[in-house]
Trainee: 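Following this message is one structure expressed as structure tokens.
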There are 2 protein chains.
Amino acid sequence: MVNSSFKALSHPIRRQIVERLAAGPATVGEVTGDFGVSKPAISKHLKVLEESGVVTRVIDGRNHVLSLRTETLDEATDWMVRQREIWTRLFDVVEDHLKEEQR
Amino acid sequence: MVNSSFKALSHPIRRQIVERLAAGPATVGEVTGDFGVSKPAISKHLKVLEESGVVTRVIDGRNHVLSLRTETLDEATDWMVRQREIWTRLFDVVEDHLKEEQR
DNA sequence: CGAACTGTTAACCATTTAGTGAACTGTAGC
DNA sequence: GCTACAGTTCACTAAATGGTTAACAGTTCG
């Protein structure tokens, strides 16, 4: 699932949609915003977000209401944070080593 | 730059390379590992990682030594963490609202 | 009912991506 | 000098991506 999350986030339009939805649920029309692309293009991006598990959709009359599936995004975030912890630790080791040498 | 970082991380092989490099610098041969793909394929993945600013390369004799450019990855990590903070806050608001209603 | 509205599907196109094998560049070491 | 080694570049393919317009499906409302 981490796989498809990163793929979903690899397009600027999709990231902007996620940014919008992080602030709360919205309809397709609302997330469409002012990207200079057609409705079918947005529709496809939403499909990618949905199939990757990043977004869910609830149909309400003629509106489709979109929400973030935060659990999915949490997984991807955790991967990044975990890597950061690892390379930060490494950096500290190097730092310590340099301090050691200065003495 | 956040753009290309996510794109760089959108392929499982490239993420595994990043995982390897998070633990410390390594040569091309070392990161190649046991993905079932040819050397040219790895070479291309490394090019993507390098051009996206995620990885740097220092040539030492006939070995190319790769390292993570952590600043670049920090940007992407920060984007994710920032979004998480936003949707977490939203979640708390909903939580509070539900508690409010239970009373 | 019929028109307007919200959104998707279908068919198509151009570009990018991910992979391949073969050939090449440069370094190491006998 | 020659061979082995580390890695890239080239030329090519197949599939995926991102976009388009045109047509469709369902909902709302006068």
Side-chain angles (χ1 to χ4, degrees), chain A residues 1-21 23-69 72 76, chain B residues 1-21 23-69 72 76:
Chain A
M1 270 291 162
V2 181
N3 262 310
S4 39
S5 297
F6 277 106
K7 213 155 193 181
L9 295 173
S10 72
H11 193 288
I13 289 186
R14 290 197 292 265
R15 275 202 309 284
Q16 279 191 250
I17 293 175
V18 167
E19 286 180 1
R20 172 66 186 78
L21 293 179
T27 66
V28 173
E30 285 164 352
V31 301
T32 295
D34 48 357
F35 315 117
V37 306
S38 63
K39 291 201 298 184
I42 298 292
S43 203
K44 282 188 187 181
H45 283 306
L46 291 174
K47 198 177 175 191
V48 171
L49 286 166
E50 206 177 356
E51 288 179 345
S52 70
V54 169
V55 157
T56 45
R57 174 193 315 246
V58 162
I59 301 181
D60 173 26
R62 64 181 167 183
N63 302 313
H64 295 205
V65 178
L66 310 163
S67 316
L68 279 193
R69 281 188 54 190
T72 307
Chain B
M1 269 292 163
V2 181
N3 263 311
S4 39
S5 297
F6 277 107
K7 214 155 193 183
L9 295 174
S10 72
H11 193 288
I13 288 186
R14 289 197 292 265
R15 274 201 309 285
Q16 279 190 251
I17 292 175
V18 168
E19 286 179 0
R20 173 65 187 77
L21 293 180
T27 66
V28 173
E30 285 164 352
V31 301
T32 295
D34 48 358
F35 315 118
V37 306
S38 63
K39 291 202 298 184
I42 298 293
S43 202
K44 281 190 186 181
H45 283 306
L46 291 175
K47 198 178 175 192
V48 171
L49 287 167
E50 206 177 356
E51 288 179 345
S52 69
V54 169
V55 158
T56 46
R57 175 193 314 247
V58 162
I59 302 181
D60 173 25
R62 63 182 168 182
N63 302 313
H64 295 205
V65 179
L66 310 163
S67 316
L68 279 193
R69 281 189 53 192
T72 306

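To find a chain, count down the sequence lines: A is the first, B the second, and so on, and within it residues start at 1.
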Trainee: Please determine if a side-chain N or O atom of B:R57 lies less than 4.0 Å away from the OP1 or OP2 oxygen of D:dG7.
Mentor: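 The answer is no; no side-chain N or O of B:R57 sits under 4.0 Å from OP1 or OP2.
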Trainee: Nearest nucleotide by nearest heavy atom, which residue falls closer to the 5' end of DNA chain D, A:D60 or A:P40?
Mentor: A:P40
Trainee: How long is the line joining NZ of B:K39 and C1' of D:dT8, in whole Å?
Mentor: 9 Å
Trainee: Mind checking whether B:L66 and B:T27 have side chains closer than 4.5 Å, heavy atoms only?
Mentor: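 They are not in contact (no side-chain heavy atoms under 4.5 Å apart), so the answer is no.
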Trainee: For the residue pair A:V2 and A:A76, what are the closest heavy atoms and their distance?
Mentor: CG1-CA, 4.4 Å
Trainee: Do the side-chain N or O atoms of A:S38 get closer than 4.0 angstrom to the phosphate oxygens (OP1, OP2) of D:dT20?
Mentor: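 Answer yes for this pair, as a side-chain N or O of A:S38 is under 4.0 Å from OP1 or OP2.
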Trainee: Using atom CZ of A:R15 as one end and atom P of D:dG18 as the other, report the distance to the nearest whole Å.
Mentor: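 A:R15 atom CZ is separated from D:dG18 atom P by 12 Å.
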Trainee: Starting at CZ of B:R14 and ending at C1' of C:dT17, how long is that distance when rounded to a whole Å?
Mentor: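 Rounded to whole Å, this separation is 9 Å.
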Trainee: Are any side-chain N or O atoms of B:R69 and backbone N or O atoms of B:S52, one a donor and one an acceptor, separated by less than 3.5 Å?
Mentor: no
Trainee: Could you tell me how far apart A:F6 (CZ) and C:dT17 (C1') are, to the nearest whole angstrom?
Mentor: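 One finds 19 Å between C1' of C:dT17 and CZ of A:F6, rounded.
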Trainee: Take atom NZ of B:K7 and atom P of C:dT16, then tell me their distance rounded to the nearest Å.
Mentor: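 These atoms are roughly 9 Å apart.
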Trainee: Between D:dT9 atom C1' and B:L46 atom CG, what is the distance in whole Å?
Mentor: 14 Å
Trainee: Select one nucleotide: of D:dT9, C:dT8, D:dG18, the one nearest the side-chain heavy atoms of A:H11.
Mentor: D:dG18
Trainee: To the nearest Å, give me how far apart CG (B:N3) and C1' (C:dT16) are.
Mentor: 15 Å
Trainee: Would one find a side-chain N or O of A:R62 under 4.0 angstrom from OP1 or OP2 of C:dA4?
Mentor: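 False: A:R62 side-chain N/O out of range (4.0 Å or more) of C:dA4 OP1/OP2.
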Trainee: Less than 4.0 angstrom between a side-chain N/O of A:H45 and OP1 or OP2 of D:dT17, yes or no?
Mentor: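 The answer is no; no side-chain N or O of A:H45 sits under 4.0 Å from OP1 or OP2.
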Trainee: Can you tell me how far the NE2 atom of B:H64 sits from the CD atom of B:E50, to the nearest 0.5 Å?
Mentor: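 Rounded to the nearest 0.5 Å, the NE2-CD separation comes to 9.5 Å.
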Trainee: Once you round it to whole Å, what is the distance between P of C:dT17 and CG of B:L9?
Mentor: 15 Å
Trainee: Just so I know, are the side chains of B:N3 and A:R15 near enough to count as touching, which here means a heavy-atom distance under 4.5 Å?
Mentor: yes
Trainee: For C:dT8 and A:K44 - does any side-chain N or O of the residue sit under 4.0 Å from the phosphate oxygens OP1/OP2?
Mentor: no
